[in-house]
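For reference, the structure discussed in these notes is given below.
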Amino acid sequence: MRVLFVTTELDDFVRVGGLGAVSAALPRALRSFADIRIMLPGYRDIIEQLTHIQIVGRCPAFAEMPACSLGRAATKDGLPVYVLLCSQLYDRPGNPYGDESGRDWPDNDIRFARFASAAAELAMGKLDKNWAADLIHANDWQASLVPAYLAWQGAKLPSILTIHNLAYQGLFPKDSLRRIGAPESSFHIDGVEFYDQVSFLKAGLVYASHLTTVSATYAREITTAEFGCGLEGLLRIRSDAAELTGILNGIDESWDPRSCAQLAQQFGAGDWAGKRANADYVRKQFGLAVSRGPMFGIVARLVHQKGIDLVLSAADEIVDAGGQIVVTGSGEPALERALIDAHRRRPDAIGVVIGFNDAQARRIFAGSDFTLMPSRFEPCGLSQMYAQRFGSLPIGHQTGGLAETITDGETGFLFSKPSHESLLGGVRRAFSAFMAHDQLDTMRRSAMGRSFSWSISAGSYSALYRKLASVGG
């Protein structure tokens with residue numbers, strides 16, 4: 001089966017959040033099931049890293065979207081990658097979605113509609129004369145118009161849209177409709193209209209043959225008013241029709257502390273001296289005092305969703321009880337500043353590095369005793385899986401993928417509400433476990449023994465691909 005996997009992030013070249021990790025791992029896990037090819041926008045970072053790009057097709061200008069070329073290349077391990085080449089849209093500083101100060105590009109409607117339109121053309125066999133898709137798998141709002149462009153052209157190609165985070169919807173003024181060449185007739189409550197705006201994500205929810213999201217719990221949660229972001233009615237309809245499936249993400253095999261090259265010292269379950277060597281290294285790197293107390297790690301986007309404000313409110317109690325906190329990540333400027341202020345107040349006990357570095361993240365998981373994840377909602381989450389594999393027990397809000405991947409009292413700690421008091425309840429339980437060495441040893445061994453293999457997810461996606469291909473679009 002020929003599958004086009006459409007995404008705006010790929011860890012090999014560019015990463016903003018978890019989408020990059022999923023896009024790098026899932027297609028590779030699916031290679032034994034399908035001829036799977038990835039399509040990406042031609043960001044500057046990607047073009048600079050690909051050694052050979054062959055032009056296979058050209059897209060003429062369409063509505064207010066410029067002409068562009070489609071290039072084909074491959075990752076180092078041979079995974080085929082199509083790249084949409086249009087320097088005026090994608091050759092920019094900053095990240096894939098915004099400028100260097102974090103502001104969204106004002107023409108993101110054009111940038112990602114052009115991308116989605118070209119993906120639909122490629123899938124239909126109109127760009128690469130040697131390849132067309134049997135099924136298209138789009139990811140998040142930036143690719144959500146792919147099923148819409150297929151429908152608007154009358155193509156019967158089956159499509160999947162995976163929702164990695166429903167809170168990011170791609171909302172634009174009604175005028176975008178003309179700019180992206182969408183039919184005026186699509187602007188209504190059962191189409192792309194969302195409170196008098198154009199919603200890219202809603203277009204995908206309406207037109208995709210099937211919807212998936214990244215955990216079974218989140219698939220249920222997004223059909224409720226609390227988590228549905230105003231789209232719960234539509235999602236309930238798709239769910240009731242058995243057209244919404246939750247498939248838990250996995251993590252790749254490199255997350256093994258026995259062989260991970262980035263650690264200060266490799267270790268396995270039971271080798272707690274090896275884990276302490278990583279803790280000592282992290283303390284030194286972050287300028288923290290020598291300590292016998294527990295270390296709490298945070299590796300996350302620093303945004304409201306992740307409950308960083310709750311950690312800040314609990315920080316003094318954690319430190320006063322003998323704990324230390326290490327944080328790495330980037331996100332909302334106000335939260336970044338608040339974390340830096342907390343570090344300045346307690347430089348011996350709170351370490352903060354703004355920015356993301358994979359090696360540093362791995363060492364934090366390896367060195368920390370606990371990983372704080374008080375997310376208000378969490379579609380899947382990867383950090384709690386990484387943490388468990390590295391013997392850092394996650395303390396998470398009982399929501400989404402956290403509820404599915406943390407076994408309370410066995411491989412981590414779950415708390416019931418995204419609140420200061422509820423988080424502190426989880427933290428206090430963690431302190432108690434830390435003091436009870438037999439319990440800590442048992443929990444660490446259980447956590448490190450968990451398997452979060454992508455092969456399970458790939459099998460579920462493969463079955464869904466075959467089912468959809470057999471019935472057509």
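Throughout, residue positions are numbered sequentially from 1 according to the sequence presented. The model shown is predicted, which means the values in this text are computed figures rather than measured ones.
A salt bridge is absent between E253 and R389: the closest approach of a Lys/Arg side-chain nitrogen to an acidic carboxylate oxygen does not fall below 4.0 angstrom. Salt bridge annotation for D99-R92: absent, with no cationic side-chain nitrogen under 4.0 angstrom from a carboxylate oxygen. Between R114 and D107, none of the side-chain N atoms (NZ, or NE/NH1/NH2) sits under 4.0 Å from a carboxylate O, so this pair counts as no salt bridge. Salt-bridge check for R44 with D91: passed, with a basic side-chain N closer than 4.0 Å to an acidic carboxylate O. In this structure, D104 does not pair ionically with R111, as no charged nitrogen and carboxylate oxygen lie closer than 4.0 Å. Classification of D240 and R238 as a salt-bridged pair fails, no side-chain N sitting under 4.0 Å from a carboxylate O. A salt bridge links D358 with R362; the closest basic N to acidic carboxylate O contact falls under 4.0 Å.
With rounding to the nearest 0.5 angstrom, the CG atom of L382 is 9.0 Å from the CH2 atom of W255. Note that CZ of R301 is 5.0 Å distant from NZ of K306, once rounded to the nearest 0.5 Å.
For the pair L166 and Y218, the tightest heavy-atom approach, listed with the atom from each and the gap, is N-OH, 3.1 Å. Taking each heavy atom of I38 and L10 in turn, the nearest pair found is CD1-CD1, 3.7 Å.
Ring pair F377/F227 is perpendicular by interplanar angle, where above 60° counts as perpendicular and below 30° as parallel. Ring orientation note: the planes of W152 and Y149 are nearly perpendicular, at an angle over 60° on the 30°/60° scale. By the 30° and 60° cut-offs, the orientation of the rings of F390 relative to F365 is perpendicular. Classified by interplanar angle (parallel below 30°, tilted 30° to 60°, perpendicular above 60°), the ring pair W141/F200 is perpendicular.
In this model, no donor atom of one side chain and acceptor atom of the other lie less than 3.5 Å apart for H397 and R376. A donor-acceptor contact closer than 3.5 angstrom links the side chains of E221 and T399. For Q305 and N165, the side-chain atoms include at least one donor-acceptor pair closer than 3.5 Å. Using modelled atom types, one finds a donor on one side chain and an acceptor on the other under 3.5 Å when comparing S462 with R466. In the model, Q197 has no side-chain atom that pairs as donor or acceptor with a side-chain atom of K202 under 3.5 Å. Side-chain contact check for Q388 and T411: at least one donor-acceptor pair (N or O, by modelled atom type) lies under 3.5 Å.
Between the side chain of H343 and the backbone N or O of G351 there is no donor-acceptor pair closer than 3.5 Å. Put simply, the side chain of E404 gets close to the backbone of A216: a donor and an acceptor are under 3.5 Å apart. Judged by distance alone, with hydrogens and angles left aside, the side-chain atoms of S176 form no donor-acceptor pair with the main-chain N or O of F172 at under 3.5 Å. At least one donor-acceptor pair under 3.5 Å links the side chain of S23 to the backbone N or O of L19.
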Verdict with supporting geometry, M373 and S383, side chain to side chain contact (heavy atoms under 4.5 Å, CB included) = CA-CA 8 Å; M373 295 193 70; S383 287; 3.8 Å; yes
May I have the step-by-step check of side chain to side chain contact (heavy atoms under 4.5 Å, CB included) for L248 and T405, ending in yes or no?
-> CA-CA 9 Å; L248 191 70; T405 54; 3.6 Å; yes
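Residues F296 and I395 form a side-chain contact, since some pair of their non-hydrogen atoms from C-beta on lies under 4.5 Å apart.
At least one test fails for R28 against the ring of W454: distance under 6.0 Å to the centre or angle within 45° of the axis.
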